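Down below is the structure, laid out as structure tokens.
Given the structure is predicted, the values throughout are model-derived calculations rather than measurements. Order of appearance sets the numbers: ligands from 1, and atoms from 1 within every ligand.
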Amino acid sequence: MKLNNTKPFYFGAATSSFQVEGGANLGGKTDSIWDEFTRRNYYIPQEGSTEREINYIDVSSDFYHNYKQDIARMKEMGLTMFRFSIAWARIFPKNEHDVNLEGVKFYHDVIDELIKNGIEPLVTLFHWDVPVWVQCRNGFLNRETTDLFEKYAQVVFREYGQKVKYFLTFNEMVIFNKNQFIWGSLTPEYKNRSDLMAKSMHYCHVACAKAVNVFKTLRSQGIVSKSSLIGITHTDGPVFHGYEGDLEAQVHENLIGNLAYFKPSFDGEYPNELFKLWNKVGIDVDIRDEDLMLLKNNTHEFIGWNYYQPMFVKKTNKFGVSSDIFGWNETKIPSEYKTTKWNWIISPELMVESLRDFSKNYPHLPIIITENGYGDFDDEIDGKIYDVDRINYIKDHLDGCYTAINDYDINLIGYNYWSFQDIFSPSAGYRKRYGFVKVDFDSLVRTNKLSYYYYQSVINDPSHDSDYDIETIKKNFEQSFKDGK
Ligand code: BGP
């Protein structure tokens with residue numbers, strides 16, 4: 001399919017700091033909760049297993065030392081956008097007073113290098129990596145953290161606000177909080193604590209609103225560029241029931257997983273239904289009038305959306321009876337859907353449905369797909385990765401984007417594949433590979449996969465035709481392999 005679009009469309013790729021850069025002590029960075037958690041829970045399952053693997057992230061893909069060669073590879077591929085996050089613990093390693101100039105310089109260097117190579121930086125302020133010193137003060141369960149985050153946001157916007165056009169406050173607030181308070185899979189490792197989840201979510205929203213306020217103030221003063229925008233990345237939807245009698249489950253999941261996030265960020269208010277639900281189950285959140293005012297006056301300006309899979313839900317026997325509102329539903333995989341090896345449902349069609357919903361609810365806001373990707377074991381043949389499944393996944397999702405733009409006139413302005421190169425995966429460590437570029441985690445040598453040449457061909461074709469001729473792509477791939485790329 002071709003992209004019939006006269007407006008610019010960014011073809012990007014994404015990463016996050018804790019997953020790609022290498023851990024503590026680089027550029028004065030101290031530990032984040034991910035450094036701390038992965039060291040304490042180190043676990044490698046049997047080869048080929050899809051169990052959660054947890055490894056050290058001290059080196060990961062070492063983007064910190066390799067960003068120049070990585071960006072050169074992005075340019076050669078033709079990327080026009082690169083999404084990455086800034087590590088809060090690198091900017092403020094010890095406390096809220098001392099800014100680490102070495103860390104500040106690192107991100108200036110990365111941003112300058114991207115711009116020099118014609119790649120638009122898309123900068124996330126927070127991708128789950130709370131500095132340990134902040135967590136020691138109870139992280140996002142402490143109202144004070146909203147002020148610490150505001151201070152951090154001040155520095156980021158003042159430093160990079162003239163160079164960066166698109167900022168995101170948070171990545172996937174819902175998954176960050178589920179990891180910490182529902183699944184117990186990240187520090188402080190609480191399980192099934194919907195009450196703490198609600199409290200933390202509220203402070204996260206307040207922190208974002210404070211950051212948006214700083215951003216807009218600095219922009220009005222000309223410190224941040226007049227053309228820069230502030231968005232936020234959410235995920236979790238779209239939710240479906242697909243089962244007789246489970247409409248209630250769908251409505252519930254949509255409320256606690258989507259509306260509780262989208263509405264405060266883009267409408268500046270919580271859905272009333274959420275207050276009713278909290279009331280009913282006795283969840284008491286410290287929401288003050290001044291918080292509500294802050295949310296109302298500081299909404300985000302574009303929608304960042306991470307889409308991997310839709311969610312199909314069914315009630316459990318706990319539905320409606322416990323305060324653990326995240327335990328009311330279970331997820332299901334309807335048999336008609338294909339999945340990845342980690343059982344993530346593949347459905348570009350339902351991605352389009354959601355884009356239509358966003359655009360109906362927020363016609364005035366541009367949308368950027370900030371993540372979409374295919375995790376695989378990436379078996380090799382003679383040292384080469386022929387990742388045709390990944391290519392087909394991308395093709396189908398790009399076609400979904402084109403349908404959204406061509407047929408429904410949706411204001412979708414970019415697609416960022418997750419991830420540019422192989423990096424640490426929170427749910428499956430280093431064995432779940434996403435990249436266009438293989439990283440050998442021992443030698444750190446980078447090698448392009450077949451999908452690299454697919455995406456390159458789409459970007460460089462003036463009509464961005466997503467169809468491909470496998471033989472031509474293979475020829476380019478094999479030639480480049482001979483050339484040592
Ligand atoms: C998103 C996160 C990313 C990324 C991706 C894939 O939720 O924003 O950080 O990792 O999911 O998930 P995983 O690596 O666990 O497969």
If you measure from each non-hydrogen atom of [X] to ligand 1, which part falls under 4.0 Å: side chain, backbone, both or neither?
X      : value
Asn306 : side chain
Ile175 : neither
Trp344 : side chain
Pro426 : both

Looking only at distances, can you tell me whether any N or O atom of [X], backbone or side chain, sits closer than 3.5 Å to an N or O atom of ligand 1?
X      : answer
Tyr434 : yes
Trp128 : no
His127 : yes

Is the [X] to [Y] ring centre distance short of 6.0 Å?
X      : Y      : answer
Tyr64  : Phe106 : yes
Phe140 : Tyr203 : no
Phe170 : His205 : no

Nearest protein heavy atom to [atom], by residue and atom, and its distance?
atom                    : answer
atom 5 (C) of ligand 1  : Tyr308 OH, 3.2 Å
atom 14 (O) of ligand 1 : Ser425 OG, 2.7 Å
atom 9 (O) of ligand 1  : Gln19 OE1, 2.6 Å
atom 15 (O) of ligand 1 : Ser427 OG, 2.7 Å
atom 3 (C) of ligand 1  : Glu371 OE1, 3.3 Å
atom 7 (O) of ligand 1  : Glu172 OE1, 2.5 Å

Under a 3.5 Å threshold, yes or no: a donor from one side chain and an acceptor from the other, between [X] and [Y]?
X      : Y      : result
Lys395 : Tyr393 : no
Thr124 : Arg83  : yes
His397 : Tyr374 : no
Asn372 : Tyr415 : yes
Thr370 : Thr233 : yes

Aromatic Trp344 / basic Lys432 pairing, under 6.0 angstrom, 45° off normal: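 Geometry flag: set, cation within 6.0 Å and 45°.
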Ligand 1 atoms in contact with Asn171 (distance to a heavy atom under 4.0 Å):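 What qualifies from ligand 1 is 8 (O).
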